[in-house]
K.L.:
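Please see the structure below; I have some questions.
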Amino acid sequence: MTDVRTDVLIVGAGPTGLVLAADLARRGVPALLVERAQELFPGSRGKGLQPRTQEVFHDLGVLDAIRAAGTEYPKMRVWEGAEPGQEWDMVKRSEPTDQVPYANVWLIPQAATQRVLYDRLRELGGEVRFGAALAGLEQDGSGVTARFEDGSTVRAAYLVAADGGRSTVRRALGIGMTGETVDPKPMLVADVRVTADAPVPDTHWHVWPKAPGGGVAFCPLPSDKGRLFQLAAQFTDESAGTDTSAEAVVGLLAARTPLAPEHIDEVVWASGFRARAAMADRFRSDRVFLAGDAAHVHSPAGGQGLNTSVQDAYNLSWKLAAVLSGAPARLLDTYEEERMPVAADILGISTRIHRAGRDGAPVQRGEEVQQLGIGYRDAALTRETREGLADGALRAGDRAPDGHVGGIRLFDAFRGPHWTLLTFDAAAPEAAGGPESGTGLDAGTFDGILELRTLRLPGCAAYGSGAFLVRPDGYVAWAGESAEGLRAYLTGLLTADPA
Ligand SMILES: Cc1cc2nc3c(=O)[nH]c(=O)nc-3n(C[C@H](O)[C@H](O)[C@H](O)COP(=O)(O)OP(=O)(O)OC[C@H]3O[C@@H](n4cnc5c(N)ncnc54)[C@H](O)[C@@H]3O)c2cc1C
């Protein structure tokens with residue numbers, strides 16, 4: 001790589017980096033995504049997409065491809081040796097509604113998700129520079145200079161560390177990770193292709209909680225190349241090393257399950273880890289931001305890691321794009337302010353689910369893992385100007401729900417880099433106008449910084465009355481009943497930082 005300049009340097013082409021790069025490409029922001037490996041990650045590890053992530057993927061235009069490459073979660077089947085026994089459902093299933101169109105977690109191997117995101121990035125004109133390993137960085141008042149292992153440099157206005165749990169960027173900045181070991185027992189995760197006659201039907205996620213040496217789970221994965229399963233095995237011996245060789249994985253399955261070595265066609269990928277819950281002490285150092293696993297790591301129990309990472313990227317991308325277009329730099333402070341409490345909550349949820357499920361106890365995962373309740377009611381960007389709201393009313397800071405109103409699907413209206421002003425019934429601010437008209441606000445104020453679309457709609461029970469300004473990442477930024485209130489909010493948002 002020769003020495004280059006860009007607006008945003010993204011380090012790491014995992015889910016975080018790919019979502020960020022695709023969304024910045026969609027916004028026309030010059031960005032460079034670099035990846036140490038020579039190719040995309042090949043394993044299945046983060047295989048559950050929660051409802052909120054599916055909504056983000058709808059907005060990013062990849063949900064159809066994600067649905068085509070995945071499937072619903074199967075039920076669990078508990079075995080004792082070669083004896084299949086009780087069945088239970090880990091997923092608390094719900095029917096989709098008008099407000100929550102994707103009601104259940106969706107099973108898709110992480111590698112397939114990354115492939116879909118990569119294809120979308122390329123469709124939007126972006127690329128990944130593979131084989132580019134960041135070695136260090138320096139920053140000053142106007143930008144960041146990143147050094148690569150091959151001696152080249154990149155100069156960028158901002159850098160985003162999407163380089164995973166062992167983040168080189170985080171270490172280079174000296175930002176600590178504070179946390180704890182969730183479980184001292186080592187785990188092995190592997191993708192295993194089995195023969196057509198292997199005695200594990202694709203209809204179930206098979207578990208052997210009392211297997212000799214430690215519990216085993218074997219989950220069927222959607223695959224267009226034969227029968228693929230994700231193996232997760234625990235070692236009761238805390239000092240055990242996790243041997244990730246194909247021989248060791250085959251030997252483990254033969255020793256702990258009814259599968260014989262001849263049932264295993266191929267060990268596609270394997271990795272070992274110990275469950276930890278830890279969070280970076282800061283998510284920002286001046287012009288550098290930490291996102292995804294670089295900012296927080298936790299147990300895979302509850303399927304939160306990839307999902308939280310995608311949403312970090314979605315929270316940050318529109319803010320970076322706005323500031324690079326001229327919005328005040330303080331907008332970037334709100335990334336850490338909004339995402340740190342979310343990460344702290346996720347750490348607690350994953351640790352609780354991990355510990356509750358130790359020794360194979362059947363733990364059903366409910367609404368707390370779906371990430372639909374995440375919001376920013378108390379954040380600096382949020383303004384609720386209405387008073388006397390009923391309990392349970394939609395408020396500024398909440399996720400903006402979907403719905404079909406006046407022949408329009410709201411998620412389709414939100415889709416894209418713009419902000420959306422929704423006004424419902426007679427209480428709408430007079431400045432909002434109809435779908436074709438402007439906001440009535442000084443258009444110049446927003447020119448080149450934020451695009452605002454307005455929709456005047458008949459009433460919608462999920463929203464209630466009033467007007468709702470929806471951020472590009474799908475949260476209600478402002479709710480109120482007067483054009484003056486809206487004008488004051490937007491003016492405040494875009495007023496330059498004091499010199
Ligand atoms: C064993 C295991 C099981 C998991 N199971 C689940 C699950 O069931 N559900 C779930 O939601 N999550 C799960 N996760 C978590 C999920 O995989 C992660 O949260 C997700 O991959 C984080 O994405 P990321 O892009 O932040 O980081 P990563 O996916 O780790 O990507 C970081 C990228 O940065 C690259 N990189 C690193 N250093 C450099 C450098 N110096 N220069 C350039 N590039 C660099 C890496 O090669 C990598 O491609 C699991 C994780 C593990 C380890």
Side-chain angles (χ1 to χ4, degrees), residues 1-43 45-46 60-62 65 110-140 142-173 269 284-295 306 309-310 312-314 316-321 323-324 417:
M1 191 164 55
T2 50
D3 299 348
V4 286
R5 285 175 176 269
T6 188
D7 280 1
V8 184
L9 175 63
I10 305 164
V11 184
T16 307
L18 288 164
V19 166
L20 187 63
D23 199 41
L24 289 176
R26 184 164 71 151
R27 294 165 186 280
V29 175
L32 177 62
L33 173 53
V34 293
E35 167 57 49
R36 176 168 58 194
Q38 297 294 342
E39 58 188 2
L40 292 175
F41 173 72
R45 60 186 201 189
L60 201 53
V62 296
Q110 180 165 333
T113 297
Q114 292 195 207
R115 170 55 59 179
V116 168
L117 292 169
Y118 178 60
D119 289 348
R120 180 71 173 134
L121 171 64
R122 298 183 70 189
E123 192 179 276
L124 291 162
E127 246 317 330
V128 178
R129 293 272 180 94
F130 289 103
L134 180 124
L137 62 105
E138 284 84 41
Q139 55 176 327
D140 52 50
S142 61
V144 186
T145 302
R147 285 178 283 104
F148 287 79
E149 284 180 1
D150 66 1
S152 63
T153 60
V154 172
R155 177 78 179 165
Y158 296 100
L159 184 149
V160 180
D163 53 347
R166 298 200 174 95
S167 173
T168 310
V169 176
R170 191 185 66 231
R171 286 164 198 230
L173 293 169
W269 163 83
R284 179 182 186 184
S285 166
D286 299 324
R287 291 177 168 271
V288 182
F289 298 85
L290 307 185
D293 275 17
L306 184 151
S309 302
V310 163
D312 285 349
Y314 230 49
L316 183 57
S317 58
W318 69 266
K319 295 174 182 173
L320 280 169
V323 170
L324 284 162

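None of these values were measured; they are calculated from a predicted model. Quick note: residue numbers are just sequence positions, from 1.
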K.L.:
Please check: side-chain N/O of D163 versus main-chain N/O of T168, any donor-acceptor pairing under 3.5 Å?
P.N.:
yes
K.L.:
Compare every heavy atom of A321 with every heavy atom of V29, then report the nearest pair and how far apart it is.
P.N.:
CG2-CB, 3.7 Å
K.L.:
Do you know which two heavy atoms are closest between T16 and G292, and how far apart they sit?
P.N.:
OG1-CA, 3.5 Å
K.L.:
Do L33 and L20 have side chains that get closer than 4.5 Å, going by heavy atoms?
P.N.:
no
K.L.:
Give a yes or no on whether the backbone of S285 and the side-chain of Q139 come within a donor-acceptor separation of less than 3.5 Å.
P.N.:
yes
K.L.:
If you define the side chain from C-beta out and look only at heavy atoms, does anything of V154 sit under 4.5 Å from V34?
P.N.:
no
K.L.:
Grab the two heavy atoms, one from L124 and one from A22, that are nearest each other, plus how far apart they are.
P.N.:
CD1-O, 3.4 Å
K.L.:
Determine the minimum heavy-atom distance between Q114 and P15, stating which atoms define it.
P.N.:
OE1-CD, 3.2 Å
K.L.:
Examine distances only and state if a side-chain atom of E39 and a backbone atom of F130 form a donor-acceptor pair shorter than 3.5 Å.
P.N.:
no
K.L.:
Between A161 and L290, which heavy-atom pair has the shortest distance, and what is it?
P.N.:
CB-CD2, 3.6 Å
K.L.:
Taking the side chain as C-beta and beyond, is there a heavy-atom pair between S317 and R26 under 4.5 Å?
P.N.:
no
K.L.:
Is there side-chain contact between D7 and L24, with heavy atoms separated by less than 4.5 Å?
P.N.:
no
K.L.:
Salt bridge check: are R170 and D293 linked by an N-O gap of less than 4.0 Å?
P.N.:
no
K.L.:
According to the interplanar angle, ranging from 0 to 90°, do the rings of F289 and Y158 count as parallel (below 30°), tilted (30 to 60°) or perpendicular (above 60°)?
P.N.:
tilted
K.L.:
Testing the basics here: between A313 and V19, what is the closest heavy-atom pair and its distance to 0.1 Å?
P.N.:
CB-CG1, 3.8 Å
K.L.:
Does any N or O in the side chain of R120 come within less than 3.5 Å of the main-chain N or O of L60, such that one atom is a donor and the other an acceptor?
P.N.:
yes
K.L.:
Does CZ in R166 sit with more than 12 non-hydrogen atoms of other residues, nucleotides or ligands closer than 6.0 Å?
P.N.:
no
K.L.:
To the nearest 0.5 Å, what is the distance between CG on L40 and CD on Q110?
P.N.:
10.5 Å
K.L.:
Can we say R122 and E127 salt-bridge, meaning some charged N sits less than 4.0 Å from an Asp/Glu carboxylate O?
P.N.:
yes
K.L.:
Just how far is it from atom OG of S167 to atom CG of L134, taken to the nearest 0.5 Å?
P.N.:
8.5 Å
K.L.:
Do the non-hydrogen side-chain atoms of L137 and L173 ever get within less than 4.5 Å of each other?
P.N.:
yes
K.L.:
Quick check on side-chain contact (heavy atoms from CB on, under 4.5 Å): which of V8, V144, L32 does L159 satisfy it with?
P.N.:
V144
